[in-house]
Amino acid sequence: MAIIISSFKNLINKINNDLGVFCEEFAYTRKKLASLGKAPNRYILFKYEIEDRDWAINEGGGVEIQYHIYLRNGELGYGLGFNTQYVPFANDKTPVEWMKPYGDAFLTLLENNKHQWELLGFGWLEGDEEMLRNPENGSYTLFGKSTNLENNALNDDFYNQMLSDFKGSLFDIYQGVFRLKNEMIYQQKLKKKDMESINEVVEILKYKHNIILQGAPGTGKTYSTAAIALSVLGITDIDLTDHKKVMEHYKSLQDNQIFFTTFHQSLDYEDFIEGLKPHVQTDETGQSIGVTYEPVDGIFKLACRAVQTDESKDIVECIDDYLQTIKGFSNKKEIPTITGNSSLYVWWNEGNTTISVRSVKSTSKKKEDYTPSPLNIDKVKLQATGKGSENNWQQYAQAFIEAVKNAYKTKANKPVVLILDEINRGNISKIFGELITLLEVDKREGSNHPIQVTLPYSKLPFTVPLNLYIIGTMNTTDRSTGSLDYALRRRFAFVTLKSNVEVIEKYYDGIQNQNLKSIAVALFNDIKAFIENPQHLSSELDIDDLMVGHSFFIAATERELFYKMKYEVIPLINEYINDGILNVKVDVKKKAFQAWEALTVIEKETIAES
């Protein structure tokens, strides 16, 4: 049997008529997928108004993936099309911008279903994958099937299969592309929002140089520091919203441009800035001859020095090379002291374990190559790497190190980030000491009012470089440590990280578990309502300070979510109640905890009773 096609218009009318109720199903499905106010003409699939056209698309499909059919030169083809030609009513975007999300979604599905779709007889009728991947204005691609007509006769089996494809396989692909496109755009919006949040914090950090991320437990304070650190360091070649990639890059920069430590009540100046550490002295045979106490740099001093350290050059090798240039008294060099008020002569006698040093102002009557201040070479190298010091002549040793750095251009001025986790748990005065003043931007080296101090143990001058950025984190519900030191508070900008239900939704969308998503989101909203209930909230803290962080609602399985509720969330809220932060009756608390442990919400009458 064959169908005689008298005109393309008659064919379109026949198809629309034979599809029957599917036209209405398609119209309402598209309305939902495209978030339309109303469905277009729901009695037809293909719209055909211009008589001389040899093609037609579905009603309303000008800037979307399209049902497409054509009849030209005796060939009938149909399928799903992607059009980047000019559309008069869609001027807020270019044709490519309109169509690209649909093309990307289709290609993603094609990658996983190509063999199956080929078995169904589908293939490229116009264009190809590469053309769809990199579309240009005015292009068109079509994925579908075609057949040749003889004397305007269309095979009946082909026609019936075409109708079946419109209602079946193509409809499935069409919906899949639309849904994936919508999900991809949603994820892009979330990613954009995440980047806007990161950029806002980074902008504040670049302005203030010191910030504290504060918030309730589980809001991602420490988690966020990694992306913020990379951004302020100028890392632009990775997606800062992809935490896995962020942490891979983060680890590669640790102890070079990123330093991390956690504050606690036992931490002090000697651990954080510099302190005296025991060092076993040995003779030439390696036998111990006693113990000395030498200054060793803490993480703050190491981070400050890292700003000016060129990691591409080994300072120890540079010292060895420099010694070769001052071999013998005749090759001595004059170098400035640390203060710059005087100079030193330095030279090295080959084979010696010390560097000869003598002030140019020396009044010694001894011969000119006499050195009253020899520097131990190994200790100079330890001082240069922050692992020890030349305990006899530290300032002369530092002057020598600076001369080496200048000679071999090992000085840099790169940005460095120091992360201070749980900053409010430390005794700030005990940890920072006199350096609290130097944290301010205008007191740093290279600023308008630089301040230099002499460190108590090394006796070396010290400044905080302008390119050091400090990120602290602070738990707003931690009442065991009291309020944050005001001297530190006014030197930092504070950014509150709030518990965010969108993070929970994004996670479960990513693992494609809508059932667990609905449970987790319901628990989040229920617990939030419980905490912010005016009858419960009895302290100076507000919901942003107390709301359990989104990380507590993120779980790979229902069992994991149960563990988090029972052993993390419920004990935390119970602590709020015991500390008087929340004022909740015993019976109300019991009912709430029982509901959350069962991964359900509190019954409405329970809330009313409270």
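Values below: all heavy atoms of this structure, side chains included; hydrogens, waters and symmetry mates excluded.
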For this session: Please tell me if the side chains of Lys301 and Ser458 come closer than 4.5 Å, counting only heavy atoms from C-beta onward.
Result: yes
Problem set entry | Lys192 atom NZ, neighbour heavy-atom count above 12 within 6.0 Å | no
For this session: Verify side chain to side chain contact (heavy atoms under 4.5 Å, CB included) between Leu323 and Ile377, making sure each step is shown before the conclusion.
Result: CA-CA 10 Å; Leu323 291 176; Ile377 294 175; 3.9 Å; yes
Problem set entry | CA sep, side-chain torsions, deciding dist, call: Gln308, Glu445, side chain to side chain contact (heavy atoms under 4.5 Å, CB included) | CA-CA 12 Å; Gln308 298 181 330; Glu445 182 181 2; 3.6 Å; yes
Exercise. Just checking, is any N or O donor in the side chain of Glu390 or Tyr396 under 3.5 Å from an acceptor N or O on the other one?
Worked result: no
Seminar exercise, completed: The ring-ring contact (aromatic ring centres under 6.0 Å, His included) partner of Phe553 among Phe524, Tyr507, Tyr508 is Phe524
Exercise. Tyr322 vs Tyr408 aromatic rings, parallel, tilted or perpendicular, using cut-offs 30° and 60°?
Worked result: perpendicular
Exercise. Side-chain donor-acceptor pair under 3.5 Å between Asp442 and Ser447, yes or no?
Worked result: no
For this session: Indicate yes or no for a side-chain donor-acceptor contact from His209 to the backbone of Leu439 under 3.5 Å, with no hydrogens or angles considered.
Result: no
Problem set entry | Tyr576: ring pair (Phe, Tyr, Trp, His ring centres under 6.0 Å) partners, not counting sequence neighbours | none
Problem set entry | Check: Leu572 and Pro217 side chains under 4.5 Å, non-hydrogen atoms | yes
Exercise. Who are the ring pair (Phe, Tyr, Trp, His ring centres under 6.0 Å) partners of His264, not counting sequence neighbours?
Worked result: none
For this session: Mind checking the OG1-CZ spacing from Thr454 to Phe462? Nearest 0.5 Å is all I need.
Result: 11.5 Å
For this session: Could you pull out the closest heavy-atom pair between Pro336 and Ala399, with the gap in Å?
Result: O-CB, 3.5 Å
Exercise. So do Val346 and Leu375 actually touch side chain to side chain, heavy atoms under 4.5 Å?
Worked result: no
Exercise. Salt bridge between Glu422 and Arg425, side-chain N to carboxylate O under 4.0 Å?
Worked result: no
Problem set entry | Side-chain touch Lys189/Ile185, heavy atoms, less than 4.5 angstrom | yes
Problem set entry | Summary of salt bridge (charged side-chain N to carboxylate O under 4.0 Å, His left out) pairs that have at least one residue in residues 508-521, sequence neighbours excluded | Asp509-Lys517
Problem set entry | Exam field: side chain Asn525 to backbone Val521, donor-acceptor pair closer than 3.5 Å | yes
For this session: Would you name the heavy atoms of Ala555 and Ile511 that are closest together and state the gap between them?
Result: O-CD1, 4.2 Å
Exercise. Do Lys414 and Asn467 meet the criterion of a side-chain donor-acceptor pair at a distance under 3.5 Å?
Worked result: no
Seminar exercise, completed: Result for side-chain contact (heavy atoms from CB on, under 4.5 Å) between Phe593 and one of Ile602, Asn574, Val588 points to Asn574
Problem set entry | Worked verdict on Val201 versus Leu213 for side chain to side chain contact (heavy atoms under 4.5 Å, CB included) | CA-CA 9 Å; Val201 175; Leu213 305 179; 4.1 Å; yes
Exercise. Can you find a side-chain donor-acceptor pair between Tyr186 and Glu502 that sits under 3.5 Å?
Worked result: no
Problem set entry | Pairs touching residues 195-219 that satisfy salt bridge (charged side-chain N to carboxylate O under 4.0 Å, His left out), sequence neighbours left out | none
Exercise. Out of curiosity, Tyr563 OH to Met565 CE, how far, rounded to the nearest 0.5 Å?
Worked result: 14.5 Å
Table please: side-chain donor-acceptor pairs of residues 249-261 below 3.5 Å, with sequence neighbours left out.
| from | atom 1 | to | atom 2 | distance (Å) |
| --- | --- | --- | --- | --- |
| Ser252 | OG | His249 | O | 2.6 |
| Gln257 | NE2 | Pro415 | O | 2.8 |

Exercise. How close do Pro295 and Leu276 get, heavy atom to heavy atom, and via which atoms?
Worked result: N-CD2, 3.7 Å
Exercise. Restricting to pairs with a member in residues 397-407, which pass side chain to side chain donor-acceptor pair (under 3.5 Å), not counting sequence neighbours?
Worked result: Gln383-Gln398, Gln398-Glu402, Glu402-Lys411
Exercise. So which pairs with a foot in residues 552-573 pass salt bridge (charged side-chain N to carboxylate O under 4.0 Å, His left out), sequence neighbours left out?
Worked result: Lys566-Glu597
Please tabulate, one pair per line, all N/O donor-acceptor pairs under 3.5 Å involving side-chain atoms of residues 543-551, not counting sequence neighbours.
| from | atom 1 | to | atom 2 | distance (Å) |
| --- | --- | --- | --- | --- |
| Asp545 | OD2 | Asp542 | N | 3.3 |
| His550 | ND1 | Asn500 | N | 2.9 |
| His550 | NE2 | Thr219 | O | 3.4 |
| Ser551 | OG | Gly218 | O | 3.1 |

For this session: Would you sort out whether Asp268 and Asn427 count as a side chain to side chain contact (heavy atoms under 4.5 Å, CB included), showing the intermediate values?
Result: CA-CA 8 Å; Asp268 58 19; Asn427 185 326; over 6 Å; no
For this session: Please name all residues satisfying salt bridge (charged side-chain N to carboxylate O under 4.0 Å, His left out) with Lys181, sequence neighbours left out, ordered by chain then number.
Result: none
Exercise. Lys381: what forms a salt bridge (charged side-chain N to carboxylate O under 4.0 Å, His left out) with it, not counting sequence neighbours?
Worked result: Asp320
Seminar exercise, completed: Between the CD1 atom in Ile577 and the CG atom in Asn583, the distance rounded to the nearest 0.5 Å is 9.0 Å
For this session: Report yes if some heavy atom in the side chain of Val357 is under 4.5 Å from a heavy atom in the side chain of Phe400; otherwise report no.
Result: no
For this session: Let me know which of Thr473, Asn475, Thr225 forms a side-chain hydrogen bond (donor to acceptor under 3.5 Å, both in side chains) with Asp421.
Result: Thr473
Exercise. Between Tyr269 and Pro456, what is the shortest heavy-atom contact and its length?
Worked result: OH-CD, 3.3 Å
Problem set entry | Within-4.5 Å side-chain heavy-atom neighbours: Leu468 and Arg444 | yes
Problem set entry | Arg491 side chain reached by Lys443 side chain, heavy atoms, under 4.5 Å | no
For this session: Give, for atom CG of Asn376 and atom CH2 of Trp393, the distance between the pair rounded to the nearest 0.5 Å.
Result: 14.0 Å
For this session: Please indicate whether Gln512 has more than 12 foreign heavy atoms, meaning atoms of other residues, nucleotides or ligands, lying under 6.0 Å from its CD.
Result: no
Exercise. Is there a side-chain contact between Asp378 and Thr353, using heavy atoms and a 4.5 Å cut-off?
Worked result: no
Exercise. For Val601, what residues pass the side chain to side chain contact (heavy atoms under 4.5 Å, CB included) criterion, not counting sequence neighbours?
Worked result: Ala522, Asp526
Problem set entry | Gap between atom CH2 of Trp596 and atom CD1 of Ile573 - 0.5 Å precision | 4.0 Å
Please report, to 0.1 Å, the donor-acceptor pairs under 3.5 Å made by any side chain of residues 228-241, with sequence neighbours excluded.
| from | atom 1 | to | atom 2 | distance (Å) |
| --- | --- | --- | --- | --- |
| Asp239 | OD1 | Thr241 | N | 2.9 |
| Asp239 | OD1 | Thr241 | OG1 | 2.6 |
| Asp239 | OD2 | Lys191 | NZ | 3.0 |
| Asp239 | OD2 | Thr241 | OG1 | 3.2 |

For this session: Give a yes or no on whether Asn448 atom CG has more than 12 heavy-atom contacts from other residues, nucleotides or ligands under 6.0 Å away.
Result: no
